[in-house]
Amino acid sequence: MPAPLRIGLAGLGTVGASVVRLLDRQAAALTARTARRIEVSAVNARDPNKDRGVDLARAKWFGDAVALARSPDIDIFVELIGGADGPALEAVEAALSAGKSCVTANKALLAKHGLRLARLAEENGVALSFEASVAGGVPIVKTLREGLAGNSIERVYGILNGTCNYILSRMEREGLSFDACLKEAQRLGYAEADPTFDIGGFDTAHKLAILTSLAFGVQIDAEAVDVEGIQSIRLADLEAADELGYRVKLLGVARRTPDGIEQRVAPTMAPKSSAIAQVMGVTNAVTIDADAVHELTLVGPGAGGEATASAVVADIADIARGVRSKPFGLPTSELAPLEPAPMQLHLGGYYVRLCAYDRPGAAAAIAARFAERDISLESIVQRRRPGAEGGPPGTAPVVLITYATHEKTLREALEAAVADGFLAEKPQFIRIERE
Ligand code: NDP
Ligand code: HSE
């Protein structure tokens, strides 16, 4: 048997400690599967005295991630610190430059520096592996990069943030407050160190940018993602969605259009009958529309130590076997620059919630603004008692569902409705995503 594969592991938090535990628990099976013993030989984190509930007695402690990344005592470097820049970036650069394969779960790092790091890996003939960076334990990176190599992909979309899906599910099912659900997600180890990355949609955008590159063979471009978080979602939206046959999900969607590649992250209405609408809690789901396989959905745990460790360990096992895939599926020189499709040209149905003054003719005037722009309405409902659901006194929520229209046209109709003076609050609109 060859010499053991020596891992240098930086970051011993939720994911890092779970990786140590999983490697220990599965040691015999991994040795059998990879024909090589895998050992954590050196580690780094901030606090050398913290009890992490794992046995690190045989691992050498490094006070500096970069020194660990360069150390001749390790064969591969595993980065589980987090953050787009700082020690995570410096250490991964140092490891790749020193000819060591890297494994990371850090989608923020990849979204910002993925192309450059992939080039560095290529130049040094080593692997840069990041299965855990998207959808936690769901093997979506490998599926896109290897499993669907014989397909041309039209759309990839899904629930890519466990924290947000957990919050929306508990708000909808149990009527709990947003803040209470977020606190619980943090306690369970799902949220990012700064949870605005989750609820602001940025974490989903980072993951979507990675999927877009893999699915369409383009350079990763997180700046081109249109991002909206879940902060503006009210219980009123979840209830209205339920009554109208939809569920609100924070979706990341990337699709080819005649105008370029559209990448968007936003709370989105999914028909209740769709597979994606059934996905509750921390679970993630990714659907791929492709020419040969048609539709493929992968569902599984999207966050948490054990599930994420499963993906990190899979990457380590590949490296132990000698696998050195191109990080984004193609040589970096063949990844085309991404041509972004403007969101104004987005064509689709919309849910619109308006807080209208409860006056005769208000709903009819609003409907007229849509009609004059040829926006067909699937339904228009003035919901419940005036002033209910938290609107100011003397107002009533009006909920509309439109058939497919361009986003620019919808925005114009809403601006006209605001100018008419029938609305007490800024309109809320949510795109509808159909299977
Ligand atoms: P944690 O905050 O739980 O752990 C971070 C670890 O990094 C801690 O051990 C911390 O040290 C260490 N660290 C922080 N700053 C430094 C530094 N300057 N130098 C050295 N070590 C440092 O994060 P997670 O484990 O949750 O996340 C790690 C990575 O995995 C992130 O990129 C995250 O986005 C990603 N990820 C997380 C998932 C999850 O469900 N939690 C799922 C998928 C990906 P110390 O313990 O001493 O403070
Ligand atoms: N904070 C992330 C989430 C972790 O909630 O999905 C997994 O990437």
Side-chain angles (χ1 to χ4, degrees), residues 8-21 43-54 56 61-69 77-92 103-112 130-138 140-141 158-169 181-182 184-208 210-211 229-230 250 252 265 279 281-286 300-312 315:
L9 173 56
L12 292 165
T14 304
V15 182
S18 295
V19 167
V20 176
R21 235 173 266 125
V43 293
N44 153 257
R46 273 178 305 208
D47 181 354
N49 301 314
K50 201 186 262 184
D51 178 8
R52 302 169 190 280
V54 288
L56 295 169
W61 178 269
F62 279 72
D64 174 41
V66 174
L68 168 61
F77 180 67
V78 178
E79 184 277 308
L80 298 169
I81 297 172
D85 298 291
L89 173 63
E90 288 159 25
V92 169
V103 176
T104 180
N106 190 339
K107 50 271 162 150
L109 172 82
L110 293 159
K112 189 165 175 190
F130 44 83
E131 184 62 70
S133 66
V134 185
V138 179
I140 183 63
V141 171
I159 296 169
L160 302 175
N161 185 273
T163 301
C164 288
N165 204 51
Y166 178 84
I167 292 172
L168 292 173
S169 302
C181 298
L182 172 59
E184 190 59 8
Q186 287 177 295
R187 190 186 67 76
L188 292 166
Y190 302 156
E192 295 303 301
D194 174 358
T196 37
F197 276 89
D198 298 293
I199 61 177
F202 307 108
D203 178 74
T204 303
H206 295 154
K207 293 166 176 168
L208 184 68
I210 295 169
L211 295 185
I230 62 169
L250 183 74
V265 171
V279 175
V282 72
T283 306
N284 280 192
V286 189
E306 276 266 297
T308 310
S310 159
V312 172
D315 279 344

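Position 1 is the first residue of the sequence; numbering continues from there. All ligand and atom numbering here is 1-based and tracks the order in the structure. Heavy-atom basis, side chains included; hydrogens, waters and symmetry copies ignored.
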Side-chain contact, heavy-atom cut-off 4.5 Å: Thr283 with Ile159?
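When only atoms from C-beta onward are counted, Ile159 and Thr283 do not touch, as no gap falls below 4.5 Å.
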Min side-chain heavy-atom separation Glu79-Asn106 under 4.5 Å
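When only atoms from C-beta onward are counted, Asn106 and Glu79 do touch, with a gap below 4.5 Å.
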Nearest-option assignment for [atom], heavy atoms, candidates [options]:
atom: atom 28 (C) of ligand 1; options: Leu80, Val43, Asp47; result: Leu80
atom: atom 5 (C) of ligand 1; options: Val282, Ile81, Thr163, Leu110; result: Ile81
atom: atom 1 (P) of ligand 1; options: Asn44, Thr14, Leu9; result: Thr14
atom: atom 35 (C) of ligand 1; options: Ala10, Ala105, Gly11; result: Ala105
atom: atom 32 (O) of ligand 1; options: Ala91, Pro301, Gly82; result: Gly82
atom: atom 39 (C) of ligand 1; options: Gly189, Gly305, Ala307; result: Gly189

Over all atoms of both residues, closest heavy-atom pair of Ala84 and Leu89:
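Closest heavy-atom pair between Ala84 and Leu89: O-CB, 3.9 Å.
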Indicate, as side chain, backbone, both or neither, the part of [X] found under 4.0 angstrom from ligand 2 when only non-hydrogen atoms are considered.
X: Val282; answer: neither
X: Asn161; answer: both
X: Ala185; answer: neither

By the definition side-chain contact (heavy atoms from CB on, under 4.5 Å), identify the one residue from Leu168, Ile167, Thr204 that meets it with Asn161.
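Exactly one candidate clears the test, Thr204.
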If we only consider heavy atoms of Gly302, is any one of them less than 4.0 Å away from an atom in ligand 2?
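Gly302: in contact with ligand 2 (<4.0 Å).
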For [atom], what's the nearest protein heavy atom and its distance?
atom: atom 6 (O) of ligand 2; answer: Gly162 N, 2.7 Å
atom: atom 8 (O) of ligand 2; answer: Lys107 NZ, 2.5 Å
atom: atom 5 (O) of ligand 2; answer: Thr163 OG1, 2.6 Å

Quick one: does Ser169's side chain have a donor or acceptor within less than 3.5 Å of a partner on Gly281's backbone?
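Yes: the side chain of Ser169 pairs with the backbone of Gly281.
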Parallel, tilted or perpendicular: which describes the rings of Phe202 and Phe197, with under 30° parallel and over 60° perpendicular?
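Perpendicular: the ring planes of Phe202 and Phe197 meet at over 60°.
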Of the backbone atoms (N, CA, C, O) and the side-chain heavy atoms from C-beta on, which set of Ala45 has a member under 4.0 Å from an atom of ligand 1: side chain, backbone, both, or neither?
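The answer is both.
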Taking heavy atoms and a distance under 4.0 Å, where does Ala88 meet ligand 1: side chain, backbone, both or neither?
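The answer is neither.
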